[in-house]
There are 4 protein chains.
Amino acid sequence: MRKIKVAIVGAAGYAGEELLRLLMRHPNCEISVITSRKYDGMTIGEIFPRFAESELTFSTPNVDKIIEECDVAFLALPHGLAAEYALPLKDGGVVVIDISADFRLRNLAQYKKYYKVDHPAPELLPDTVYGSPELYRDQIKTADLIACPGCYVTSVILAGTPLLREGLVSTQGIVASCMSGVTGAGRKVDLPFIFPEANESLRAYGVSGHRHLPEMEQELAVAAGIDDIKINFAPHLVPVNRGINSTIFFDANEGCTLEKIADAYEKAYADEPFVRVLKHGALSDTKHITMTNFCEIGFTYDDHTNKVIVTSCIDNLTKGASGQAVQNLNIRFGFDEKAGL
Amino acid sequence: MRKIKVAIVGAAGYAGEELLRLLMRHPNCEISVITSRKYDGMTIGEIFPRFAESELTFSTPNVDKIIEECDVAFLALPHGLAAEYALPLKDGGVVVIDISADFRLRNLAQYKKYYKVDHPAPELLPDTVYGSPELYRDQIKTADLIACPGCYVTSVILAGTPLLREGLVSTQGIVASCMSGVTGAGRKVDLPFIFPEANESLRAYGVSGHRHLPEMEQELAVAAGIDDIKINFAPHLVPVNRGINSTIFFDANEGCTLEKIADAYEKAYADEPFVRVLKHGALSDTKHITMTNFCEIGFTYDDHTNKVIVTSCIDNLTKGASGQAVQNLNIRFGFDEKAGL
Amino acid sequence: MRKIKVAIVGAAGYAGEELLRLLMRHPNCEISVITSRKYDGMTIGEIFPRFAESELTFSTPNVDKIIEECDVAFLALPHGLAAEYALPLKDGGVVVIDISADFRLRNLAQYKKYYKVDHPAPELLPDTVYGSPELYRDQIKTADLIACPGCYVTSVILAGTPLLREGLVSTQGIVASCMSGVTGAGRKVDLPFIFPEANESLRAYGVSGHRHLPEMEQELAVAAGIDDIKINFAPHLVPVNRGINSTIFFDANEGCTLEKIADAYEKAYADEPFVRVLKHGALSDTKHITMTNFCEIGFTYDDHTNKVIVTSCIDNLTKGASGQAVQNLNIRFGFDEKAGL
Amino acid sequence: MRKIKVAIVGAAGYAGEELLRLLMRHPNCEISVITSRKYDGMTIGEIFPRFAESELTFSTPNVDKIIEECDVAFLALPHGLAAEYALPLKDGGVVVIDISADFRLRNLAQYKKYYKVDHPAPELLPDTVYGSPELYRDQIKTADLIACPGCYVTSVILAGTPLLREGLVSTQGIVASCMSGVTGAGRKVDLPFIFPEANESLRAYGVSGHRHLPEMEQELAVAAGIDDIKINFAPHLVPVNRGINSTIFFDANEGCTLEKIADAYEKAYADEPFVRVLKHGALSDTKHITMTNFCEIGFTYDDHTNKVIVTSCIDNLTKGASGQAVQNLNIRFGFDEKAGL
């Protein structure tokens with residue numbers, strides 16, 4: 001079988017590095033173009049010595065060249081560049097798998113509210129598929145523009161969707177308290193992220209109005225079959241390299257039992273290759289899933305307060321970004337869904 | 001002024017080590033007895049090389065000797081040993097400052113439910129003062145048995161008390177999501193706590209029914225002036241040595257404003273030497289307070305969900321254990337409240 | 001092609017876990033037996049939740065069963081058990097790849113001196129091949145008992161062999177100063193290795209007489225073509241999970257130049273799949289090689305002192321243990337040398 | 001007793017922060033001026049929230065103002081600014097305690113070689129005292145310009161001086177292999193120092209020609225009573241916040257015995273308040289001395305190679321910088337040498 005040709009646009013960050021790690025061992029892909037304005041002309045080994053044996057070289061992004069050479073392009077860019085890349089690439093027949101935030105929100109007003117700019121390419125939204133394989137696998141199979149979910153969002157919606165779908169928990173009063181490793185901030189050279197500042201530090205940030213909030217609410221509302229859901233989302237920065245641990249508190253609806261919770265997860269994920277639901281009472285740990293594409297979910301019911309408490313762990317760079325993107329690629333191109341993962 | 005003579009019973013754990021660090025530089029104290037069954041006869045420097053210049057030596061605990069020699073005894077023991085130490089020491093005229101859990105809960109049934117044993121010395125409970133200086137300073141001044149709060153508890157009740165006292169938030173639906181460094185587990189040699197297991201790991205534990213839960217509820221109910229409060233408390237283990245960060249979600253009552261929240265904290269803590277309330281919007285960070293006796297509190301109001309969200313940081317070994325114990329000592333003996341801290 | 005059947009004896013430690021990780025994705029292997037006395041009857045997922053999808057179950061080691069079912073057995077055991085496992089397995093026709101220390105030293109007196117016991121199966125020594133693929137690949141191809149090198153040893157001998165072989169450096173006065181992550185101590189539940197003790201700690205240990213010393217000397221002497229070499233080896237424990245960084249100081253011989261050093265490495269490793277020699281002046285970093293089977297070597301010449309200084313990094317669990325063991329398996333059975341790695 | 005008034009010039013880095021921590025509790029000092037061009041006008045709490053209760057405010061450095069107000073100025077600046085600050089301050093009668101590198105080297109050619117600029121104020125060198133209390137206490141008592149040693153240098157010269165003074169070890173072939181925590185790089189916002197790059201990474205740097213090398217050689221030559229000594233110094237960056245661990249290899253001279261080594265250290269340091277020499281065989285650990293001004297030294301003799309191996313630990317920010325600077329202040333002004341430490 002011919003290998004498909006892949007471009008990685010914005011390959012010099014952590015999501016780019018993780019895409020490189022995964023795609024280099026992918027049996028059906030050949031990495032054809034990797035771009036970085038900053039490192040134009042440098043070999044991959046100069047930026048990521050881990051890949052020194054590769055002969056790939058960074059180049060300044062050139063949309064025409066990608067259209068000419070590639071079947072698929074991963075966009076690992078800051079938000080707001082959709083018009084510049086996603087639009088022409090898709091028009092040129094390249095399947096676009098976007099890891100940025102540009103196409104995650106279906107509501108333009110929400111985009112503007114949270115990202116502070118007008119949406120750069122609203123005409124593409126109708127044809128965009130939200131790249132959560134567990135929720136939209138069928139649509140992903142034929143999508144030409146796939147918007148990969150945010151990292152925190154992935155951990156929260158995989159935890160909450162089965163419960164809301166089955167009506168086991170209330171749509172009111174959901175609280176998601178999440179922790180992320182420092183790669184979640186990107187390969188960002190900024191004072192709060194240098195080692196002596198981040199090490200031995202535990203801190204919340206953005207507890208009111210983080211950009212991942214409307215995205216969580218959008219998908220949880222879909223799960224609940226309602227128009228609107230409002231939740232609390234409190235992210236925390238903690239000193240690990242990789243990993244997100246989300247602890248989510250739901251009010252149990254009447255009739256909710258542990259058995260029904262287990263059934264809801266079973267129904268949703270029994271055949272999923274990358275969701276691991278633990279037995280009741282076992283709690284997830286990022287250590288179990290770092291460097292993998294798994295989401296590990298644990299749940300319990302607290303009769304003291306009538307809450308369902310779910311813990312959900314992913315690797316923010318794998319299931320939370322590049323791994324999920326590769327899973328989407330596999331679905332879209334009909335490869336083994338686990339290929340490269 | 002004569003220095004008072006101090007015993008540390010159970011000095012070989014992390015709370016004991018922190019007591020030693022603080023009391024060695026305390027201007028009004030002389031450490032007279034340090035006990036450890038395991039290390040009987042060994043010098044302090046053999047167990048804690050950091051203190052190699054000290055000539056203190058561990059001995060097997062001897063209640064009579066402590067009564068004879070000491071004015072005050074810190075108990076840094078597992079729970080359940082109250083009858084063996086607190087009772088005779090108090091009877092013998094020694095002021096007891098207990099860092100264990102034995103006297104924290106005023107309700108014997110709760111003690112039995114959460115600690116799985118009958119209370120070892122219920123007759124002492126009526127005279128016990130709960131050792132939270134910000135809440136019970138006057139009673140501490142004359143107490144002969146002071147029960148120091150649990151570490152998580154300290155961070156949560158200092159955050160919640162002013163809001164509940166002033167009726168700004170609901171007593172229903174409080175969620176406390178907390179993270180602790182690994183010294184919180186004690187100097188415990190157990191697989192989950194060895195470096196390769198705890199490093200690069202984020203995990204919840206005891207999300208339903210942790211022993212600190214009833215203690216939080218007891219004190220939050222006092223603050224609210226009601227008999228009973230039920231909250232959710234979810235602790236997490238994260239890879240730092242020291243520090244607790246608690247993020248607590250409250251439903252705002254009608255009429256609650258940011259100004260009133262700020263006023264409530266000002267009213268409660270304006271004169272407190274060890275509570276730092278940040279300006280609205282600033283979030284606390286354990287890095288700001290490790291190795292100090294401070295509790296650092298940040299707050300915000302989320303109009304999206306009508307929640308008040310408070311972040312509260314302490315050093316689990318200082319304000320969460322030994323530092324608060326020394327603060328209690330200072331209050332009890334009329335020393336400068338900051339002495340040694 | 002039929003997959004070979006593999007036993008992992010002593011699979012519950014970190015070397016065992018790493019073997020499982022590598023062999024589960026090995027295209028030519030089927031894991032048939034995994035043993036652990038302690039966890040007999042438990043599934044792999046109960047001990048290593050990361051592998052929860054596997055159906056492997058630990059069993060008490062049974063040599064007859066392994067002989068009956070398996071083509072190859074990896075021994076990840078403490079030293080001293082050779083007579084119990086290696087001997088009967090080899091006699092039974094099973095290829096033995098030993099990760100323990102039992103067959104690394106060719107000199108029985110050295111074994112006794114450093115391991116404090118008589119060698120348990122000296123009759124096997126003559127047929128043992130030292131499992132360093134870069135040094136003994138041809139012998140490994142036909143070996144039935146392969147003794148995998150120690151972790152520190154691997155990093156040091158790969159750095160030193162080309163220089164000594166070519167006579168570029170003196171055999172006198174070699175100093176190896178090495179750092180290792182905490183998994184190097186094994187999955188050992190002991191006070192010095194709990195998180196609060198190992199985190200934020202830098203310490204040397206065993207600077208005179210570590211067990212890896214005679215093994216380094218044995219192989220460096222082979223490289224130099226002399227009977228005996230004496231070096232200094234100082235290991236240090238540092239707070240990372242994985243990785244060894246060795247900095248080795250050699251006295252340059254007359255005529256040694258940077259070009260000759262580069263040539264010596266080129267000659268030795270140009271075709272090696274798992275040795276990366278950096279350009280002069282670049283220094284190796286464990287970050288470049290963790291979770292891979294690479295040894296990354298950097299070198300420089302210090303004209304100030306006439307020393308050649310080499311830095312050599314490996315992942316102690318991969319190239320330093322289980323990865324190298326799998327590389328040996330690949331060589332022995334004629335697989336692609338990179339299979340599973 | 002009147003408190004002396006102190007200026008900290010360049011107070012916004014880690015050495016400045018540590019000076020603040022120590023001087024705020026110093027019984028004989030009042031911090032009068034803290035400077036930072038970048039943070040001019042900001043309160044100390046805005047930059048270091050740990051000190052939020054202080055009312056100190058950063059100002060742009062103003063030499064005249066410092067001369068007018070202060071008795072002593074600590075300079076925590078990059079090298080090369082001596083002419084701008086040290087010179088006029090000293091002329092103005094302010095005692096200067098310099099933590100920068102400008103006055104550490106007595107040889108101007110060495111300064112130019114290693115720092116790549118002409119010395120900015122060579123006329124001050126003759127009156128400068130090297131601020132190692134253990135080596136130059138008497139001169140420090142009357143010095144008006146004290147050049148505090150580099151961090152690595154402190155750990156190495158305290159380890160080596162007694163051995164060289166007593167002629168127990170050779171002046172040839174000394175190798176110092178050292179590790180430092182990341183605060184050693186300063187509060188520097190640069191890619192190699194962000195958490196995901198520095199965490200789980202072990203790397204050597206500057207193994208040939210680090211700026212601390214000539215300074216070590218200068219002081220070790222003094223100890224040996226010879227003009228010139230050449231050593232190897234290999235620093236490594238490791239993921240801890242604070243701490244330096246140096247392992248130093250010396251060739252033993254004839255007649256060197258463990259007893260004589262112990263005697264040499266005893267002779268040198270028996271009365272030193274901040275040097276802890278461990279019993280033979282015990283190895284130092286940064287954990288024992290972080291946040292203190294101690295240097296902890298362990299030693300052993302390796303008869304296998306006839307080497308004396310010494311391990312020496314300091315906190316790079318305390319004994320390696322600001323703590324030693326305060327110790328010098330105490331000596332210079334006749335305070336208790338431990339005041340504030």
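Residue numbering restarts at 1 for every chain, and letters A, B, ... go by the order of the sequence lines.
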Contact class of D:Pro239 relative to chain A, heavy atoms under 4.5 angstrom: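 Both parts, backbone and side chain.
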Atom group of A:Arg187 that falls short of 4.5 Å from chain D, counting heavy atoms: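 For A:Arg187, backbone and side chain are both near chain D.
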Heavy-atom proximity to chain D below 4.5 Å, by part of A:Asn199: both
Spacing of D:Thr183 atom OG1 and A:Glu197 atom CD [to the nearest 0.5 Å]: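 The OG1 atom of D:Thr183 sits 10.5 Å away from the CD atom of A:Glu197.
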Heavy-atom closest pair, residues D:Val189 and A:Ile194: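 Between these two residues, the closest heavy atoms are CA-CG2, 3.9 Å.
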Which atom of D:Asn241 lies closest to which atom of A:Phe195, heavy atoms considered: OD1-CE2, 3.4 Å
